[in-house]
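Please read the structure below before turning to the comments.
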There are 4 protein chains.
Amino acid sequence: MRDQADTRTRIQEIALTLFTEQGYEATSLREIAEALGVTKAALYYHFRTKDDIVASLAEKRLHAVEELLAWAEKQPRTEETRRELIRRYADDLYSGRHREIMRFFERNQTALKHHPVMGKTRERMFELITFMVEPGDPVATRLRNSMAVLALHAASFILDEEVPEEERRAAGLEVAFDLLRR
Amino acid sequence: MRDQADTRTRIQEIALTLFTEQGYEATSLREIAEALGVTKAALYYHFRTKDDIVASLAEKRLHAVEELLAWAEKQPRTEETRRELIRRYADDLYSGRHREIMRFFERNQTALKHHPVMGKTRERMFELITFMVEPGDPVATRLRNSMAVLALHAASFILDEEVPEEERRAAGLEVAFDLLRR
Amino acid sequence: MRDQADTRTRIQEIALTLFTEQGYEATSLREIAEALGVTKAALYYHFRTKDDIVASLAEKRLHAVEELLAWAEKQPRTEETRRELIRRYADDLYSGRHREIMRFFERNQTALKHHPVMGKTRERMFELITFMVEPGDPVATRLRNSMAVLALHAASFILDEEVPEEERRAAGLEVAFDLLRR
Amino acid sequence: MRDQADTRTRIQEIALTLFTEQGYEATSLREIAEALGVTKAALYYHFRTKDDIVASLAEKRLHAVEELLAWAEKQPRTEETRRELIRRYADDLYSGRHREIMRFFERNQTALKHHPVMGKTRERMFELITFMVEPGDPVATRLRNSMAVLALHAASFILDEEVPEEERRAAGLEVAFDLLRR
DNA sequence: CATGAATGAGCCTTCATTCAT
DNA sequence: GATGAATGAAGGCTCATTCAT
């Protein structure tokens, strides 16, 4: 019982790592199984298909985004709300393995393009971004405000390892807030 | 002779389209050959391996970045140079199929990760970004200035199709300049 | 105890249905287990192997044929005996699930070819058919008389559902008697 | 060129033999390839799927039945036509590998059940049998006349190998004509 | 009585690549 | 310049079976 949860979770973890490092298509179930020390067939006991492993990962992220969205929808559309949204988004990103999952998304866009869970996630992300923008805003403003979210991600892939994580996060937030203020 | 050049070019074009749409690994030589109306074996007359097709695409982009870099190195490190660099970068992006090639890069990061030509391209891009930054700049400034380049790309994947290309480009430039100016 | 017998019987029934509909090789233990609402592993409590399930089905049929044969061997080799044999064979066929089992045999000949119980059943069937024929009969007579048995089966797979079962059976018997009478 | 035709034909021949002996599902492409002395992958050069091999076999038989049907439809519905139909059906059966293909059909009913080409063949066979029967005939007559066709097949699977082929054929025809004559 | 977890073997299929013609 | 035929490696997946609990 403990074991099941453990194996399932371990599959997810190893899969996430390998998918992110090598790509979804370039990672075979054999590799995942070998890294785990089990047979390929064992993976199929825990997940119906290779796709299902990915889905289970994507769902974790989807839930986080949906919760954020649910919260946002109950707030007034003020600048302070937007700033708080950015703050919460960053909190998510730096907790759990969300940054890794996002990187997995970024790096496997084509492989995931037609995945149902991804479609939903994309939609929700768009709704989130819509939240950053006032209807009628000029195009440049829309771009700038949307890029606020992007800044949080960029902070961890543009600034590389020499900068400590905490500083990266702070820089991301600073630039994001900057972009928000027109 | 014309024919050979033609077939070679057509292979590159179809490959770029399919690689971008479906991903590098998910696109088989069979598909490319079928789309071209020739046999798989024919592709091997023009390119030694599948990898070589990708390399030939990446090189086009590499040349563009290298030229930009060569130009930049001869300029004084002023803010006006930086603005002109951004302008030229955008010009490149909106000419030829560079935007498509960049999208191909973005979407196939893992597949290309270990590709020699990619390594070089990445290096050059970093040098380009270094150009945006003054040594000693605080982390947030480094992030912000680097994101100027990002803005040009973001303009074409965040703003959706309803916005005409020319407006997207203008918005990208506006936000990029904004980021550059602190 | 009742329960065990029940599960065993239910396995046999579901297996017979699926084997007949989809074929022996095309039916997995997973399917049988799912149709029953138990785990695959549970099947192994009741049957040692997949093969054993088939054997248990074949044995039911084997017993019936053997009883018929035992009866026939004690009778005089008259035409009336032959007619009675046909009658009893038909009775068997239309009682229990023997028609289904026979259809299962017909439809899975290759899968069952090397099965020991099947070998025995085949032998007995040949002895039964031998009973229909007088040694020294010309080839055509041998064929005709053997086909008497075939007529009973043909009645249920050539005449389709529009004809009520009782009529099908009567027609089968009529043609069988016809063939017997040279 | 000769080679292609040869390999394709040899695949069909070996496949037919193995499918008939061991059953469709029980025969793996590996076995076929090994019997041919080529790689599994080579089979896929000549046939798109395992299913396609079967389809190519079934089509041969379908064509024969369709020709027979086309001929029958142009004849008057007399008893002599029926007898000639039986004669031609037997000719078909004893030429080429049709008897083998039919045996393959009989022995793999479930595996082929949902195959489109099989559906068509079944339909045509029914039309052929319809030809043997006068609308309004009593059930037993319908069964008897339909069994005329069956007799031709039975001749080769009920009478065993000790009887020479020519005699089996003659016996089949005799019984078939017998059944036709009420 | 039955399940949860796992295995080893095998299946069909696809891929990048080669080479004689 | 290109094709037809083939290969070796690998991939995702399913199956019958086992065994500790």
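Quick note on labels: first sequence line is chain A, next is B, and so on, each numbered from 1.
- Atom CZ of F47(C) is separated from atom C1' of dT18(F) by 18 Å (rounded to the nearest Å).
- The gap from the P atom of dT21(F) to that of dC1(E) amounts to 22 Å, rounded to the nearest Å.
- Counting only heavy atoms from C-beta on, A42(B) has its side chain closest to dA2(F) among dT7(F), dT13(E), dA2(F).
- The residue among R48(B) and D51(D) whose nearest nucleotide of DNA chain E lies closer to the 5′ end is D51(D).
- The side chain of R30(B) places no N or O atom within less than 4.0 Å of a non-bridging phosphate oxygen (OP1 or OP2) of dT14(E).
- How far CD of E25(C) is from OG1 of T110(D): 8.5 Å, rounded to the nearest 0.5 Å.
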Distance-only check: which donor-acceptor pairs under 3.5 Å involve side-chain atoms of residues 95-102 of chain B, not counting sequence neighbours?
| from | atom 1 | to | atom 2 | distance (Å) |
| --- | --- | --- | --- | --- |
| S95(B) | OG | D92(B) | O | 3.1 |
| R97(B) | NE | E100(B) | OE1 | 3.2 |
| R97(B) | NH2 | T17(B) | OG1 | 3.4 |
| R97(B) | NH2 | E100(B) | OE1 | 3.4 |
| R97(B) | NH2 | E100(B) | OE2 | 2.8 |
| H98(B) | ND1 | R61(B) | NH1 | 3.3 |
| R99(B) | NH1 | L93(B) | O | 3.3 |
| R99(B) | NH2 | E165(B) | OE1 | 3.2 |

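- At least one cation-pi condition fails for K50(B) and Y44(B): the charged atom is not both under 6.0 angstrom from the six-membered ring centre and inside a 45 degree cone around its axis.
- Taking a pair to require two hydrogen-bonding distances under 3.5 Å in either a Watson-Crick or a G-U wobble arrangement, dT21(F) pairs with dA2(E).
- Checking dC12(E) for Watson-Crick or G-U wobble geometry (two distances, each under 3.5 Å) identifies dG11(F) as its partner.
- Listed pair S28(C) / dT14(F) fails the phosphate criterion, with no side-chain N or O lying under 4.0 Å from OP1 or OP2.
- Rounded to an integer number of Å, the gap from Y44(D) OH to dT14(E) C1' is 9 Å.
- Across all their heavy atoms, S56(C) and F47(C) have their closest contact at OG-CE2, 3.7 Å.
- The base of dT7(E) lies outside donor-acceptor range of the side chain of K40(A), with no N or O pair under 3.5 Å.
- Between the CG atom of D6(B) and the P atom of dG1(F) there is a distance of 10 Å, given to the nearest Å.
- Atom CD in E34(D) sits roughly 12 Å away from atom P in dT7(F) (whole-Å rounding).
- If you measure from atom CD1 of I11(C) to atom C1' of dA2(E), you get 11 Å, rounded to the nearest angstrom.
- Considering only the side chain of K50(D), dC12(E) comes nearest among dC12(E), dG12(F), dT17(E).
- The side chain of H46(A) contributes no N or O atom lying less than 4.0 Å from OP1 or OP2 of dG4(E).
- Between atom NE2 of residue H46(B) and atom CD of residue Q12(B) there is a gap of 11.0 Å, rounded to the nearest 0.5 Å.
- Residue V38(C) is the one, among E25(B) and V38(C), whose nearest nucleotide of DNA chain E lies closer to the 5' end (criterion: closest heavy atom).
- You'll find that the side chain of A41(B) is closest to dT3(F), out of dT3(F), dT13(E), dG8(E).
- Rounded to whole Å, the distance from CG on L29(D) to C1' on dC11(E) is 8 Å.
- Look at Y45(D) and you'll find a side-chain N or O under 4.0 angstrom from OP1 or OP2 of dA5(F).
- Ranked by how close their nearest DNA chain F nucleotide is to the 5' end, G37(D) and T49(A) are led by G37(D).
- For the atom pair OG1 of T20(C) and CZ of R107(C), the computed distance is 7.0 Å after rounding to the nearest 0.5 Å.
- Rounded to an integer number of Å, the gap from CD1 of I32(C) to C1' of dT17(F) is 14 Å.
- In this entry the distance linking CD of Q22(C) with C1' of dC15(F) reads 14 Å, nearest Å.
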